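Here the structure is laid out as C-alpha cells; the discussion comes afterwards.
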Amino acid sequence: MSFNGKYQLESQENFESFMNAVGLPDELIQKGKDIKSISEIEETGDNFKVTVTTGSKVLVNTFTIGKEAELDTVTGEKVKAVVQRDGNTLTVSLKGIQSVTELVDGNTLVNTMTLGGIVYKRTNKRM
C-alpha cells in the first residue's frame with residue numbers, strides 16, 4: 001500500500017500528557033488539543049515528504065528510508081534520525097520518542113508516539 005494522500009485527524013489519545021512531557025507550553029497545548037490537523041504524505045519510491053498542518057502551524061519533513069535526515073519535532077527542534085520501513089509501517093526514534101506510523105488499511109493512518117510510559121495515539125482518515 002502507498003502512503004500517498006491527505007489524512008485528517010479523527011481522534012487522539014493522551015495528547016495533553018504527552019505534549020506536557022515533551023515540554024510544550026500549556027498555552028500551545030490548550031490551543032492545539034481541539035484542532036483537527038491535516039497530514040499530507042508524498043511517497044516516491046523510498047523518498048517521503050510529510051506535511052502536517054495544525055491551524056496556522058505547518059511542519060514539513062523530507063526523508064529517505066534508511067538514510068539519516070534532519071527532522072523537525074513537535075517542539076520545533078531539529079533532530080537527525082533515520083526512518084525505517086517495514087511494509088505499511090514507518091518507525092523513527094527522535095530524542096527518546098519512539099514514533100510508529102502504520103497504514104492500517106487503505107484509508108486509516110495510525111501514529112503512535114511513546115515517551116517513557118506515555119503513549120500518544122493519533123488516528124487519521126484519508127480525505
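Just so it is clear, the structure is predicted and the values come from calculations on it, not from any experiment.
- For the residue pair Asp105 and Thr108, a side-chain donor N or O sits within less than 3.5 Å of a side-chain acceptor on the partner.
- Rounding to the nearest 0.5 Å gives a distance of 10.5 Å between CD1 of Ile35 and NZ of Lys57.
- Minimum heavy-atom separation, Ala81 to Leu71: CB-CD1, 4.1 Å.
- In this structure, Leu94 CG and Glu77 CD are separated by 10.0 Å, a value rounded to the nearest 0.5 Å.
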Quick one, Asn20 with Ile29, criterion side-chain contact (heavy atoms from CB on, under 4.5 Å). Give me CA distance, side-chain angles, the key distance, then yes/no. CA-CA 8 Å; Asn20 241 330; Ile29 293 171; 4.1 Å; yes
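- Closest approach of Ile97 to Met113, counting heavy atoms only: CG2-CB, 3.9 Å.
- Atom CG of Asp46 sits about 7.5 Å away from atom CZ of Arg85, to the nearest 0.5 Å.
- Hydrophobic clustering keeps Leu90 apart from Leu9 (ILVMFWY residues linked when any side-chain heavy atoms are closer than 4.5 Å, directly or through intermediates).
- Summarising the geometry, atom OH belonging to Tyr7 is positioned 13.5 Å from atom CZ belonging to Arg122; distances are rounded to the nearest 0.5 Å.
- Nearest heavy-atom pair across Lys121 and Thr112 is CG-OG1, 4.1 Å.
- In the hydrophobic clustering of ILVMFWY residues, with side-chain heavy atoms under 4.5 Å counting as a link, Leu24 and Ile118 come out together.
- Note that the NZ atom of Lys67 and the CD atom of Gln84 stand 12.0 Å from one another [nearest 0.5 Å].
- Taking a 6.0 Å sphere around NZ of Lys125, one finds it holds more than 12 heavy atoms contributed by other residues, nucleotides or ligands.
- Inspection of the Thr62 and Asn47 side chains reveals no N or O donor paired with an N or O acceptor under 3.5 Å.
- Taking both residues in full, the closest heavy atoms of Arg126 and Ser2 are given as NH2-O, 3.6 Å, listed atom of the first, atom of the second, then distance.
- Minimum interatomic distance between Glu43 and Asn4 (heavy atoms only, all atoms of both residues): N-OD1, 2.6 Å.
- Between the CG atom of Asn111 and the CD atom of Glu102 there is a distance of 11.0 Å, given to the nearest 0.5 Å.
- One hydrophobic cluster, built from ILVMFWY side chains closer than 4.5 Å, cannot hold both Val100 and Leu103; they sit in different ones.
- Taking the six-membered ring where tryptophan is involved, the planes of Phe48 and Phe3 are perpendicular, since the angle between them exceeds 60° and thus also 30°.
- A continuous path of hydrophobic side-chain contacts links Leu28 to Phe18 [ILVMFWY only; heavy atoms under 4.5 Å].
- By the neighbour-count criterion of 12 heavy atoms within 6.0 Å, atom NZ of Lys36 is densely surrounded, having more than that number from other residues, nucleotides or ligands.
- Residue Glu10 is tested with Leu109, Thr123, Val110 for a side-chain contact (heavy atoms from CB on, under 4.5 Å); the sole match is Thr123.
- Remark: side-chain polar atoms of Gln12 are paired, donor with acceptor, to backbone N or O of Lys33 under 3.5 angstrom.
- Side-chain atoms of Asn61 do not come within 3.5 Å of backbone N or O of Val50 as any donor-acceptor pair.
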